[in-house]
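Note sheet for the following structure.
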Amino acid sequence: MVDRQPAVESSPEKEKSLNFVEEIINDHLASGRFGQRVHTRFPPEPNGYLHIGHAKSIVLNFSLAEKYGGFCNLRFDDTNPSKEEEEYVQSIKEDIKWLGFDWEDREYYASDYFEQLYEWAIKLIKDGKAYVCDLPSDKAREYRGTLTEPGKNSPYRDRSVEENLDLFERMREGEFPDGARVLKAKIDMAHPNFNMRDPVMYRILHARHHRTGDKWCIYPMYDFTHGQSDSIEKITQSICTLEFENHRPLYDWFCEKLDIHHPQQIEFARLNLTYTVMSKRKFLILVNEGFVSGWDDPRMPTISGLRRRGYTPESIRKFCDYIGVAKNNSIVDVTILENHVREHLNAIAPRVMVVLNPIKVVIENYPEGQVEQLSAVNNPEDESAGSRIVPFSRELYIDRDDFMEVPVKNYFRLSPGKEVRLRYGYIIKCDSVVKNDMGEIVELRCSYDPDTLGKQPTDRKVKGVIHWVSAEQALEAEIRLYDRLFLAENPDKVEEGQDFRSHVNPESLQVIQHAKLEPSLKGAQAGERFQFERIGYFHVDQDSQGDDLVFNRITSLRDTWAKIASRS
RNA sequence: UCCGGGAUCGUUCAAUGGUAGGACAUCGGCUUUUGGAGCCGAGUAUGGGGGUUCGAAUCCUCCUCCCGGAACCA
């Protein structure tokens, strides 16, 4: 494979400091350990959906390859047929593509290496470095020793090479039931690192594999697969998470004993986020017990959940880049993620006016039947986004939050006798309040100042600006207001006898059925994102059917007023 | 308890023997037809003790705390 040109150097005056992985790579480059090559890989097990934590690894591996002009492979670590499925392969590929990365033709599967792995196992047996062990798993556990006591040698440890070869071949032939025998590496039962106490290389598993079918009934373990797969693919830096640190000596042992290309394993801290959980097991509980609607529920930190929520791939990539890579366990504040999507959407999302919780406004001095077409800017951050027309008429809707019968201090929206600016429109004044028998406000009677369209009155200052929708032309839609799934910063921190379930936010989803939308939203397509002015960013959900639109709240706008109001 | 890691503002990442810095969060101000966005400013950190050095977050040493490890999972 030819090397690519490194990505264009960023401006030298703004030199970004290197993370520890880049420092290691630079050392390798300087020493020439792998020539001048950088070749990484992202190695998911196809046994679940990808989440934001995987995104960190994906971004790291692919970006490093790009930065150094190398390559990044996609390799499925599919050595456990009892847990893996084709469905997951597809979703993983889709998620990586959506994030914006391309593995080109380098899509590999550990299962493609099974034959080579088998031959390498034979070699180790012949070299006296592996043996077939008949100890059942519970016995094997006893022989392994404990944290403080060394293990002891299996009684099968000194079988002859011939016997081992014979037994291992018969394991492959399917002569023995699951669990009857394993192939182990002969290392050191007294090693302080458990992974070196004669680790299992192969187990018997009469299970159908999603790619190799029934060809095999013995499957290699992770430790006997991963390093060699890296080796076969001529990987240079094999980047994984911290929990594999203890496996590195074994990774190195196999490469050495097999005398094959030997990549450098480098471990980094996985991503943790506040107010969420990040494990397949917990996702499964959330889905199975109905806390969420599925793996792609917009509250889930899965890639598919974030996608459905409306997050942009750019913002996720930028976030991953921003949080950096290090070895200390950290919990990243989820607001940092939210800020990244806000920042991106602020630049690209068209603005529209939507009233979530409508209250009718009648402008009594505005002619009945008259409709004015007002011009509204699509995106103040992007002049090229142009403008659109919004109809204005005698009857409108405004949000309930934008009116207070008895205003609190510093409230500068609408209240009796007070004025407010209708965004892109006129200044109106609330003259009276209409209530029903229950005392609930059903309507506001107002008057408008015709001389305030596009200009500020000279005799007074009107500070408040609110959004609105013309009643007759309004569209209706379902709006799903998503909030964080957990109320606790760390959902796993619980009282005795409880678990993360007890921290689930019962109000993480609030559905609004008949929100009022400005008519320009007609024809909005699933996947489009908008800023509802003064409210937040919203994504047209796939549940939308033609004119029956469904919007997901991606994230709210920063709400300074809410902050002030909640303080008092 | 054994082995392997880790410890810097509230959070996260820098500073690689030479003024501890940025971002987010917080607080204050300016500006604004989004209480949005933007702009300006403020406060807050080297886990602890010893040592080396003119000088230590950085090197040495002892201690403390946190994380991971005893699947025929990855």
Side-chain angles (χ1 to χ4, degrees), chain A residues 16-19 23 43-45 47 77-80 82-84 133 135-137 140-142 144-151 178-184 191-197 199-205 218-219 221-223 225-226 240-249 267 269 274 280 322-340 342-343 346-347 351 353 376-377 379-381 410-413 421-425 427 452 454-456 462-467 489 531-536 556-565:
Chain A
K16 209 186 150 199
S17 59
L18 301 177
N19 64 49
E23 281 175 5
E45 182 188 14
N47 71 341
D77 227 332
D78 53 351
T79 59
N80 187 353
S82 61
K83 290 187 175 174
E84 296 150 7
C133 180
L135 246 27
S137 58
R141 188 160 29 243
E142 286 172 28
R144 197 153 32 230
T146 67
L147 289 175
T148 46
E149 303 155 28
D178 288 3
R181 292 188 159 89
V182 293
L183 183 72
K184 287 179 176 173
H191 199 108
N193 181 341
F194 280 103
N195 296 116
M196 301 298 273
R197 320 246 263 226
V200 174
M201 293 163 58
Y202 270 91
R203 76 283 215 188
I204 300 171
L205 229 46
I218 55 171
Y219 290 93
M221 299 287 290
Y222 166 84
D223 287 306
T225 307
H226 200 93
C240 60
T241 45
L242 250 28
E243 67 269 28
F244 292 99
E245 218 155 17
N246 295 324
H247 292 246
R248 183 161 18 99
E267 311 86 10
T274 55
K280 253 168 252 178
Y322 173 85
I323 56 172
V325 43
K327 290 194 79 147
N328 50 328
N329 305 72
S330 57
I331 305 178
V332 176
D333 195 330
V334 74
T335 59
I336 292 176
L337 210 211
E338 291 167 353
N339 267 313
H340 275 82
R342 230 179 241 132
E343 188 182 18
N346 178 46
R351 272 86 228 234
M353 291 198 287
V377 169
N379 187 346
E381 306 291 317
N410 289 331
Y411 187 81
F412 48 83
R413 274 112 98 155
R421 160 79 64 184
L422 293 177
R423 179 81 161 144
Y424 306 121
I427 286 172
T452 53
K455 56 179 159 179
Q456 231 33 285
V462 176
K463 198 170 183 189
V465 180
I466 64 174
H467 57 276
E489 199 166 291
Q531 183 197 101
F532 292 179
E533 290 216 41
R534 304 206 309 130
I535 303 174
S556 59
L557 248 30
R558 275 202 195 89
D559 191 346
T560 315
W561 168 245
K563 210 184 288 176
I564 296 165

Sequence-distant partners of A:Ser137, side chain to side chain donor-acceptor pair (under 3.5 Å), two or more places apart: none
Any residue meeting salt bridge (charged side-chain N to carboxylate O under 4.0 Å, His left out) with A:Glu142, in chain and number order, not counting sequence neighbours: A:Lys139
Spacing of NE2 belonging to A:His226 relative to OG1 belonging to A:Thr79, to within rounding of 0.5 Å: 10.5 Å
Short side-chain donor-acceptor distance under 3.5 Å, A:Ser330 and A:Asn328: no
Interatomic distance where CD1 belongs to A:Ile331 and P belongs to B:C13 [whole Å]: 11 Å
Same-atom distance (C1') from B:G48 to B:A57, integer angstrom: 14 Å
Side-chain (A:Asn193) to main-chain (A:Asn246) donor-acceptor, under 3.5 angstrom: yes
Rounded distance [0.5 Å steps], CZ in A:Arg351 versus CG in A:Asn346: 5.0 Å
Euclidean distance, atom NZ of residue A:Lys327 to atom P of B:G6 [Å, nearest integer]: 5 Å
Residue closer to the 5' end of RNA chain B, A:Arg248 versus A:Ala562 (nearest nucleotide): A:Arg248
Same-atom distance (C1') from B:C59 to B:A23, integer angstrom: 30 Å
Residues forming a side chain to side chain donor-acceptor pair (under 3.5 Å) with A:His467, sequence neighbours excluded: A:Asp399, A:Arg534
Straight-line distance of A:Tyr202 OH to A:Thr225 OG1, nearest 0.5 Å: 7.0 Å
Working for side-chain contact (heavy atoms from CB on, under 4.5 Å), residues A:Tyr424 and A:Val377: CA-CA 8 Å; A:Tyr424 306 121; A:Val377 169; 4.3 Å; yes
Contacts of type side chain to side chain donor-acceptor pair (under 3.5 Å), residue A:Glu338, not counting sequence neighbours: none
Sugar-phosphate only, base, or nothing, as touched by A:Ile427 at under 4.0 Å among non-hydrogen atoms: nothing
Residue list, salt bridge (charged side-chain N to carboxylate O under 4.0 Å, His left out) with A:Arg423, at least two apart or on another chain: A:Glu533
A:Ile218 CD1 to A:Leu205 CG distance, which is reported to the nearest 0.5 Å: 10.5 Å
Nucleotide-level pairing of RNA chain B, given in dot-bracket where Watson-Crick and G-U pairs need both distances under 3.5 Å and | marks other strands: .((((((..((((....[..)))).(((((.......)))))....(((((..]....))))))))))).....
Touch class at under 4.0 angstrom, heavy-atom based, for A:Phe412 against every strand present: base
Touch class at under 4.0 angstrom, heavy-atom based, for A:Arg413 against every strand present: base
Counterpart residues, side chain to side chain donor-acceptor pair (under 3.5 Å), relative to A:Glu245 (two or more places apart): A:Lys327
Contact letters for nucleotides 69-74 of chain B, in which S counts primed atoms plus P, OP1 and OP2 and B counts the base, heavy atoms under 4.0 Å: BBSBSB
Pick out the pairs of N or O atoms, protein on one side and nucleotides 21-26 of chain B on the other, that lie under 3.5 Å.
residue, atom, partner, partner atom, Å
B:A23, O2', A:Tyr322, OH, 2.8
B:A23, N3, A:Tyr322, OH, 2.9
B:C24, O3', A:Asn339, ND2, 2.7
B:A25, OP1, A:Asn339, ND2, 3.2
B:A25, OP1, A:Arg558, NE, 3.3
B:A25, OP1, A:Arg558, NH2, 3.3
B:U26, OP1, A:Lys563, NZ, 3.2

Annotated protein contacts, base or backbone, on nucleotides 29-34 of chain B with a non-hydrogen cut-off under 4.0 Å, one of B, S, - each: ----BB
Residues that A:Arg248 engages under salt bridge (charged side-chain N to carboxylate O under 4.0 Å, His left out), provided they are two or more places apart: A:Glu267
Rounded distance (Å) that lies between atom P of B:C2 and atom CZ of A:Arg197: 13 Å
Whether A:Tyr222 and A:Phe244 hold their rings parallel, tilted or perpendicular, with breakpoints at 30° and 60°: tilted
Between B:C13 (C1') and A:Asn328 (CG): distance, integer Å: 9 Å
N/O contacts under 3.5 Å, protein versus nucleotides 64-66 of chain B?
none

Syn-anti status, with the boundary at 90° from 0, for the nucleotide B:A71: syn
Donor-acceptor pair, side chain of A:Arg197 and main chain of A:His191, under 3.5 angstrom: yes
Inter-nucleotide P distance (B:U58, B:A15), Å rounded: 14 Å
